[in-house]
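Here is the structure we will look at, set down as structure tokens.
Counting starts at 1 for both ligands and their atoms, in listed order.
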Amino acid sequence: MAARSRDFVAKPNPRNGRCRLISGNWKMNLNHLEAISLVQKLHYSLRESDYHFAEISVHPPFTALRSIQLLLETDRIPISLGAQNCYFEESGAYTGEISSSMLGKLGVKYVIVGHSERRDLFGESNEIVAKKVNAVLGLEMTPIVCVGESMSQREGAETESVIQAQVDAVVTAMRPELCEQIVFAYEPKWAIGSGVPAEPADAVFGANAIRSAVAKHHGEPVANSVRVQYGGSVNSANAKEFLDQAEIDGLLVGGASLTAEAFTTIIQA
Ligand code: 13P
């Protein structure tokens with residue numbers, strides 16, 4: 001984990017006791033030099049109060065993780081380091097894959113697991129996602145587990161059942177004390193990269209569906225401990241209305257996290 005000055009720790013949201021987390025998922029963008037420049041600009045434009053409002057994580061491509069780790073530690077920048085994916089096996093003949101223990105050694109704190117692009121473009125099933133979540137938790141990192149329905153599922157009124165199946169696969173047979181550490185991201189597929197965000201009420205519906213699926217297995221206290229982000233076409237104009245919802249504990253931002261200006265305005269929303 002990056003060196004975090006004690007003064008820069010996010011304060012719990014007084015409405016629910018959970019700390020907000022605002023994450024930038026850079027996807028397959030920015031080489032390591034561009035990544036360094038973005039994090040420097042971001043830290044320069046953020047105020048101390050922003051770090052109190054929410055924990056901030058950045059999720060560069062694997063090739064930039066080491067550079068960003070060094071930057072965060074050397075300059076004592078209180079931004080958390082995140083990855084976008086990992087494999088569930090520890091090591092072995094898995095050409096092209098990166099294990100959770102490799103990420104842990106780089107000071108990674110958060111790992112996005114089961115992003116819809118990975119589910120749809122790279123065939124990740126609920127079962128694979130569950131194995132990855134366990135691999136991340138086993139290394140004492142926090143998975144950001146993405147769930148969400150497609151437009152046709154939404155039109156078929158399947159949103160709740162899709163979310164429940166995605167959450168069930170992850171939390172069934174998991175110890176409650178591990179489950180409560182999970183961050184979920186409700187990212188409706190139709191809102192990702194489309195410029196058409198969900199309505200805040202949709203985001204709350206998704207967050208409630210996630211928590212009721214968790215509660216079914218582990219009870220209300222665990223469900224009320226898990227944090228739920230919203231993601232999908234978040235920008236500086238709509239960020240506040242999501243953050244205003246007590247059920248929403250932060251944002252998972254794609255395109256608008258790629259410039260310091262846009263990501264800063266979202267955090268300061
Ligand atoms: P956009 O913010 O670009 O819609 O991407 C959302 C996302 O997929 C974050 O993980």
- Item | Leu252 and ligand 1 - part of the residue with a heavy-atom distance under 4.0 Å | both
- Query: Which protein non-hydrogen atom lies closest to atom 3 (O) of ligand 1, naming both residue and atom, and how far is it?
  - Reply: Gly255 N, 2.9 Å
In terms of atom number and element, which parts of ligand 1 are under 4.0 angstrom from non-hydrogen atoms of [X]?
| X | answer |
| --- | --- |
| Glu187 | 6 (C), 7 (C), 8 (O), 9 (C), 10 (O) |
| Lys27 | 5 (O), 6 (C), 7 (C), 8 (O) |
| His115 | 7 (C), 8 (O), 9 (C), 10 (O) |
| Asn25 | 9 (C), 10 (O) |

Would [X] count as a polar contact of ligand 1, with the cut-off being nitrogen or oxygen pairs under 3.5 Å?
| X | answer |
| --- | --- |
| Glu117 | no |
| Ser194 | no |
| Gly254 | yes |

- To the nearest 0.5 angstrom, please state how far the CG atom of Leu70 sits from the NE2 atom of His32. 11.0 Å
- Euclidean distance, Asn13 CG relative to Ile248 CD1, rounded to 0.5 Å: 11.5 Å
- Which class fits the ring pair His43 and Tyr51: parallel under 30°, tilted 30 to 60°, perpendicular over 60°? tilted
NZ/NE/NH1/NH2 to OD/OE distance under 4.0 Å, [X] and [Y]:
| X | Y | result |
| --- | --- | --- |
| Lys132 | Glu124 | yes |
| Asp249 | Arg211 | yes |
| Lys27 | Glu117 | yes |
| Lys41 | Glu261 | no |

- Item | Contact with ligand 1 for Gly193, non-hydrogen, under 4.0 angstrom | yes
- Query: Within a reach of under 6.0 Å around NZ of Lys216, are more than 12 heavy atoms found that belong to other residues, nucleotides or ligands?
  - Reply: yes
- Who gets closest to atom 1 (P) of ligand 1 by heavy atom: Ala256, Ser257, Pro197, Ser233? Ser233
